[in-house]
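Each remark here refers to the structure printed beneath this line.
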Amino acid sequence: MSGRLSLFDVLKEGGYEACLVSTFSLDFGFYEDVMLRRMSTAGVRHHLLFVDAGMCQQALANRAPQKLGFQYSLLPMVCNGAFHPKVLLLLGKNKGLMAVGSHNLTLSGFGQNLEITNVVRYGRDQPEQAGLFAEAFRGFQSWLADYGAAVPASIAEGLDKTLSLCPWLEKALATNNTAAEARFLFSSAATPPLWQQVQPILPTAIDQVVASAPFFDQKLAFLSVLEQRSNSPPLIGIQPDQVNAPRWRWLKTHDLQWST
Amino acid sequence: MVETSAEAAGSPAIETAWVKPPQEIGGLDHLGVQAPGIEIYGQLLPGITNVTDRARYYSFYPWLFWQFEQRGWQHHDQWQPMLRRADCLFGLIAFRHGVVSADSSDDHGAAVVGSNTLSAVVRELTEGTVVTLSDYAHGDSDRAGRYFKNLHGGLGQYYFGVLSLLGLLTGDSASSAKLVKPTGVALAEAFDGGVPGEQFMALLAADRISVVDLDALHGFCPCGIGANLTEKQVLLGLMIRGNATGDISGAVAQTGENSDQVEVRSRSLVWLQWLVREAVNEGESLDVRLFRKLAYTQCGAGKRALSTPADLVPIARQWQTYQRHECFSIAVQGLFNALLRCVDLPGLGSPFPSSAALSEWFWQQGPGSQVLPDEPLSLQQLLNQQADELPVFDDWADPGHEMVVLERLVELCNGSGDAATITALSLKILAALWLRPENEADYGAVQFRPHFLESNYPINLDRFRRDLAGPIAEMPVAAALALLTKEYCLDTHQRVALRKLAAQGQDTFRFRLTETGLRLNQIPLVAETSPRFVQTMRVLQDIGALSKSDGRLEVGDVDLTQWLS
């Protein structure tokens, strides 16, 4: 893992024309005044924003959007649980950047919180990554198909129009390329649950599971699953004053091992 | 996203990292309420800025470029090192003259470029010492002794903008500066008539300066304008009439400067000189605090209305507007300060979930509630009550007058004041702005660029008056104030900080709206803007319009009114 990576700096790199973002929570002020402005300055003109429908309602109540409809399109995702993927895809004629992590489209998510990200780039010197971008794009297509019933067709069409701005991605989708060194896994109504997809590609023997999270289920059931797969006790990083979990169980697990 | 085993051995196609936060800085004007005030005084004093204190630089730099031209040093590489040496030598002369003169050193080395380094060099000088100029004039950050960071010295850092505005130099920046003919040349020639120019330039080339040299060059000292009548006349013409002819009846605005700018600057300067005279007549010395009171009330001590000459009344009114806005700015900053003092109050349990929650709590249960009357009143009724307590507008010495309250408020906000007192004082100022007929003009004759206030600085006097004239005035006072402070202070701060984040990539948030609620970052200082008062007084002293005796400002030998058309 490298040190720290500025998503703000990534936004203004230039050479991109489209941006697809998925997020659970959203801050219209941050998105419109900071992100959109930075990306527009760098030449990004086509913006699609996939957001959890419930959180979108909350965001609308906090601050009305001012540039929606003419500078970007909003696609509220209606699903039974939370729509939780945080993916940023910057796509250009000859290059692409994907950031997948814990970062919501909020000021907190882009730097004030402790957030993690994974950045992949496609370009002339990294053509092998096209398959990974194709997988991610399929994720967006799948979310739109499964959770975007309420999205007007004219807006939904914006997703396919993205491909006209980056022919390399269209080609990767057409050739059904898959990623060579990494996989982009996502869950949607039409896919098995994420954990089910991850399990087959995990090593059979795992020395230790190392993880960090702010939210845990109330019975710590998933932690138990990880415990079973880990030869030595899992190492779980938390922020003690931020974590949302049943406190008593922490006596049985390790204390904070990663710090901010 | 999952890395497969094959990836582990290869190059890092996936970069996994913590998300780096934007750089956090202290920042200024966290509500965007100071900017209109800065815009007003900027309009009223074009050609003088908060960093251009000395009039001598207005003639010294054009003279220097005139010298460069005569020597054929057209290319940047030729003149830039000499510019730094000259800037450095000018400073050494000024500090040396301050040491050997019996009068106030303020006239010599004050606000001279490179003072930290050069004043120390001069203090160490003894007879026989020789200074190598380039030991200080170099621009190498790794080498000790550098007198000033900017590659083009004080010209690049401070003066190029105003010299360009005044039509003396031209170019996109100091690096491409050229002398403007005939205005820049006229000033350069005037300057040259009073200084040993060839000796100065020869020493630049020689690079070695003795104490004797510095003493011989004392004519270059910033105090030297008075001894060079031609230069003084040209500078006066430039400042008051916008021409560099040195002719008191010369045409206005021949330097390329906008005639409106010349007009407004000249009126400001003449009015300031007139105010100094008024203060002296009252036994006072005009300082910035007294200036603010006189400007705001247009009254002297003892409630005496100032008998401002008719042709200076419009400019006096514009300065009144400036101070009116300052009152508003401080009051709003005061409320923001008080609110922030409550963000992380111990004993409140969980953080406030939103700016609305903090603002409502503040006025219903918090410090704001302590300053509101018990009886159920509307905002309008509360303000009407305050009207009875206001001292007369003219009486700026009364402890209840907004000008006195303002000073106390700044002190409390930046010290250990309590939120309730700060809130009460802020409300007093806002009530005075709303209730006094003298304040009804709001921004009066001051004109802003189209959409300047609406788009960039929405918290302003116009908005305040519009809001209070609307339905909010009839709302219960706590609810009305909760709404106002949420919008004016908390939400506006978030918008301002977001704008700065977008433009500069820097984090200036004083409180954060996190998933778990509001978190305090830092309470900012409450600050008045600096209306170029000190700089203008200094420039007026340099050109002989003012003088100082025993630390008190007096009118000098130049009567600026004679220069008005």
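Residue numbering restarts at 1 for every chain, and letters A, B, ... go by the order of the sequence lines.
Within a 6.0 Å sphere centred on NZ of B:Lys20, other residues, nucleotides and ligands contribute 12 heavy atoms or fewer. No more than 12 heavy atoms of other residues, nucleotides or ligands shown are found within 6.0 angstrom of CZ on A:Phe215. Environment of CD1 in B:Ile25: crowded, with over 12 heavy atoms of neighbouring residues, nucleotides or ligands closer than 6.0 Å. For B:Asp172, the CG atom is loosely surrounded, since the number of other residues' heavy atoms within 6.0 Å does not exceed 12. The environment of A:Gln57 atom CD is sparse: at most 12 non-hydrogen atoms of other residues, nucleotides or ligands sit within 6.0 angstrom.
Heavy-atom distances place the backbone of A:Phe110, and not its side chain, under 4.5 Å from chain B. Of the two parts of B:Asp491, neither the backbone nor the side chain holds a non-hydrogen atom closer than 4.5 Å to a non-hydrogen atom of chain A. Using a 4.5 Å cut-off between heavy atoms, A:Thr106 touches chain B through its side chain atoms alone.
Annotation: side-chain hydrogen bond (donor to acceptor under 3.5 Å, both in side chains) contacts of A:Gln66 (sequence neighbours excluded): A:Arg63.
Note: B:Val19 leads B:Thr516, B:Asp507, B:Val19 in heavy-atom pairs under 4.5 Å with chain A. Of the listed residues (A:Ser6, A:Ser25, A:Gly29), the one with the most heavy-atom contacts under 4.5 Å to chain B is A:Ser6. Considering only heavy-atom pairs separated by less than 4.5 Å from chain B, the leading option among A:Arg38, A:His103, A:Gln112, A:Gln197 is A:Gln112.
Here the closest non-hydrogen pair linking B:Ala17 and A:Gly3 is CB-O, 3.6 Å. Residues B:Leu498 and A:Val34 come closest through the heavy atom pair O-CG2, 3.3 Å.
Between B:Leu501 and A:Leu107, some side-chain heavy-atom pair lies under the 4.5 Å cut-off.
Of the inter-residue distances, the one linking B:Arg512 atom CZ with A:Asn113 atom CG reads 10.0 Å to the nearest 0.5 angstrom. From B:Leu513, atom CG reaches atom CG of A:Asn62 across 8.5 Å, with rounding to the nearest 0.5 Å.
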